[in-house]
**Q** 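Okay, handing you the structure first.
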Amino acid sequence: MAAAHDQQASTRATGVVGIAILCSRVLGLIREQVFAGLFGAGKNLDAFLMAFRLPNLLRDLFAEGALSTAFITTFSKKIATEGDESAWRLANKVVTLTAVFMSAVTVLGIIFAPQLVDLLTWWSWPPDKTALTILLTRIMWPFMFLVSLAALVMGMLNAKHVFGAPAMASSYFNLGSIIGGVAIGWWLDPHFGAPSLTGLAIGTLIGGTWQLIAQFPTLWRVGYKYRADFQWRDAGVGTVLTLMGPAVIAASAVQVNVLINSGFAASLGNGPVSWLNIAFRLMQLPLGIFGVAIGTVTLPLVSKSAAVGNMDAFRAILARGIRLAFLLTIPSAIGLAMLASPIISVIYEHGRFTAAMTRQTAGALQFYAIGLVAYSALKVLTPAFYAIDKRKTPMNVSFLAIGLNLFLNWLFTFRLGWGHRGLAFSTSLVATINFLLLYGLMWRHTRRLETRRMLAGLGKICVAGVLLALVCWAANHWWLDAWERLRFLEKLSALLVAIVVSSITFFSVAFLLRVSEVQDVVDLVTRRFRNRRL
């Protein structure tokens, strides 16, 4: 009964988080759309994106990656075994330690920005482009400090089963970046040349500050009051740091791969950095809505089950999360791959973003879409290893991922001459291999993981996916074939029709094939509708 209740709670919470993250991702797309329209996909946008990549990379590595996973796991166990007061004391110690450490990292990053930028671009950029990137890096570097604290606040709220408010916090980051960045940028340079990029960098800090303080009222309502605590010789802090070590190494594989990809892209001239970044952000839209949402809700539940030794519940919740990730991201991947050019044209082809840039970006998006399902499932699967104290497993697999990514980048980009498309394809292959290895290892650790049920569901999803692909193919040949000559509203209408028809087709077929997760959602909606009528 407890497992069934947790699964129902997981479904509802995933919906709440999914809606909140959808708002954030849409605002993120608007942010990217505004920046691309103002600057185009060329030298200036390359410099801004590369400058943001370093603090954003370390944010993914520490704040929203290793630190968040280690803290939520330990904090959830504290609540389950020792109660709220003990958990709040741990939170004060970790928040204080994080603030001190990230302050030092911020100072060092500002000092050594020139060396970091040279390393990231492989010394391949001209002096003027490099100097602009260094300036923007120094302005945006404190973003890491702000978002690290925001990730801890989010972790506390998630552990207390409050998901909506922290999921909405990233929307405030995007709003602050757009409003503050564009306003200051216009004030510095109304023509939006290189000087106005400074305004966008300052807007990033405004957004990061808003993301942090927006969560404070909800945090106070669940009972937290911050008091500086420098007593770091504590078992709970030790557990967080112990979990973080392997988690940092495991997560660093992805970040090292990002650095490697950045170097390859930078060496290809002006444009590829922007094309790949825009394509990856589009791929992250369904990844954030579905993969991150499911992973956010699943982690506290599997941590709680593992803490009390209920492995049946652990397996059921984890397997359900992976199945749900498959159900939601397989149609997304097919749609992104087959409708790449119309999607990018509608969203980005404005201002200085040209049709040629659309074609280059669409090529990258098609290859990124191949790895979307694996990326999403990894968001659910990887944190589960820390819940069962198998923290070294993702770390060991990450070493293979780094070497494999480097080889595949060289093979597809230079040896086969695929250019930036080769980098996207390499990224997808590495993610897929990473997931398959981790799934096999988790199956071995837990002895069983409802694999037969998962494969049966996957087969049904693929059947529905084939019909979705046929709808997308028909759309490309019947009413999107002339999308380059259509006006914006015509493009948007045609694209929306294609997306709506293909989505209805997919989920209708999945329901008729009795895919359990679709039936659960339909049952939930039906019960709520009946209750309202009564």
Side-chain angles (χ1 to χ4, degrees), residues 52 54-76 78-79 84-113 116 137-160 162 165-166 169-170 172-173 176-177 201-202 204-245 247-248 251-252 255 386:
F52 186 57
L54 278 168
N56 196 45
L57 180 151
L58 292 176
R59 177 201 71 174
D60 290 340
L61 179 59
F62 289 106
E64 296 183 358
L67 175 59
S68 182
T69 299
F71 178 71
I72 292 175
T73 302
T74 309
F75 190 76
S76 298
K78 279 279 186 183
I79 293 174
D84 285 356
E85 288 302 319
S86 178
W88 294 137
R89 287 195 296 270
L90 171 64
N92 282 329
K93 296 176 189 296
V94 175
V95 169
T96 304
L97 176 59
T98 301
V100 172
F101 177 76
M102 282 301 174
S103 296
V105 171
T106 299
V107 173
L108 291 173
I110 292 172
I111 294 172
F112 293 103
L116 292 172
T137 299
R138 283 176 162 155
I139 294 172
M140 288 190 283
W141 198 263
F143 172 73
M144 267 194 314
F145 172 85
L146 298 168
V147 81
S148 296
L149 297 179
L152 286 176
V153 174
M154 180 189 72
M156 286 183 252
L157 292 173
N158 287 346
K160 296 293 291 182
V162 178
S170 55
Y172 303 127
F173 163 71
S177 299
I202 296 172
T204 299
L205 299 184
I206 294 172
T209 304
W210 196 356
Q211 179 178 355
L212 172 61
I213 63 176
Q215 300 182 77
F216 287 170
T218 307
L219 185 64
W220 293 329
R221 281 197 294 270
V222 298
Y224 178 68
K225 291 180 174 58
Y226 174 69
R227 294 181 180 84
D229 190 341
F230 296 89
Q231 302 300 317
W232 299 331
R233 291 188 177 182
D234 175 82
V237 175
T239 301
V240 172
L241 295 177
T242 301
L243 287 172
M244 270 192 70
V248 166
S252 67
Q255 308 311 328
Y386 302 101

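Predicted model, so just to flag it, every value in this text is computed and none were measured.
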**Q** Can you measure from CE (Met102) to CG (Leu146) and round to the nearest 0.5 angstrom?
**A** 11.0 Å
**Q** So does Tyr226 have more than 12 non-hydrogen atoms from other groups sitting under 6.0 Å from OH?
**A** yes
**Q** Counting only N and O atoms by type, is there a donor-acceptor contact under 3.5 Å from the side chain of Lys78 to the main-chain atoms of Asp84?
**A** no
**Q** What I'd like to find out is whether the side chain of Asn158 reaches to under 4.5 Å of the side chain of Pro166, using heavy atoms alone.
**A** yes
**Q** Are Val240 and Thr73 side-chain neighbours, meaning at least one heavy-atom pair lies under 4.5 Å?
**A** no
**Q** What's the separation between atom CD1 in Ile139 and atom OG1 in Thr204, rounded to the nearest 0.5 Å?
**A** 9.5 Å
**Q** For Val94 and Val237, work out which heavy atoms get closest and say how close.
**A** CG2-CG2, 4.4 Å
**Q** Does the side chain of Gln211 come within less than 4.5 Å of Val147's, by heavy atoms?
**A** yes
**Q** Quick check for you: to the nearest 0.5 Å, what is the distance between Phe71 atom CZ and Ser76 atom OG?
**A** 8.5 Å
**Q** Measure the CG-CD1 distance between Leu116 and Ile111 for me, rounded to the nearest 0.5 Å.
**A** 11.0 Å
**Q** Taking the six-membered ring for Trp, are Phe52 and Phe173 parallel (under 30°), tilted (30 to 60°) or perpendicular (over 60°)?
**A** parallel
**Q** When you measure from the side chain of Thr96 to the backbone N and O of Phe230, does any donor-acceptor pair fall under 3.5 Å?
**A** no
**Q** Please lay out, stage by stage, how Thr137 and Ile110 fare under the test side chain to side chain contact (heavy atoms under 4.5 Å, CB included).
**A** CA-CA 8 Å; Thr137 299; Ile110 292 172; over 6 Å; no
**Q** Out of Val222, Val95, Val162, Thr218, which residue meets the side-chain contact (heavy atoms from CB on, under 4.5 Å) rule with Met156?
**A** Val95
**Q** Below 6.0 angstrom between ring centroids: does that apply to Trp88 and Phe75?
**A** yes
**Q** Taking all non-hydrogen atoms of both residues, which atom of Pro217 and which atom of Ala214 are closest, and how far apart?
**A** CD-O, 3.6 Å
**Q** For Leu219 and Leu157, which heavy atoms make the closest approach, and how far apart are they?
**A** CA-CD2, 3.8 Å
**Q** How close do Ala150 and Gln215 get, heavy atom to heavy atom, and via which atoms?
**A** O-NE2, 3.3 Å
**Q** Return the orientation label for the Trp210 and Tyr172 ring planes: parallel under 30°, perpendicular over 60°, tilted otherwise.
**A** parallel
**Q** Closer than 3.5 angstrom, by distance alone: can the side chain of Asn92 be matched with the main-chain N or O of Arg227 as a donor-acceptor pair?
**A** yes
**Q** How long is the gap from NZ on Lys93 to CG on Asp234, to the nearest 0.5 Å?
**A** 5.0 Å
**Q** What pair of heavy atoms forms the shortest contact from Gly236 to Leu90, and how long is it?
**A** C-CD1, 3.5 Å
**Q** Ala113 and Arg138: which non-hydrogen atoms are nearest, and at how many Å?
**A** CB-CG, 3.6 Å
**Q** Determine, stepwise, if the pair Arg89 / Asp229 fulfils side chain to side chain contact (heavy atoms under 4.5 Å, CB included).
**A** CA-CA 8 Å; Arg89 287 195 296 270; Asp229 190 341; 5.5 Å; no
**Q** Enter the distance from Trp141:CH2 to Leu205:CG here, rounded to the nearest 0.5 Å.
**A** 13.0 Å
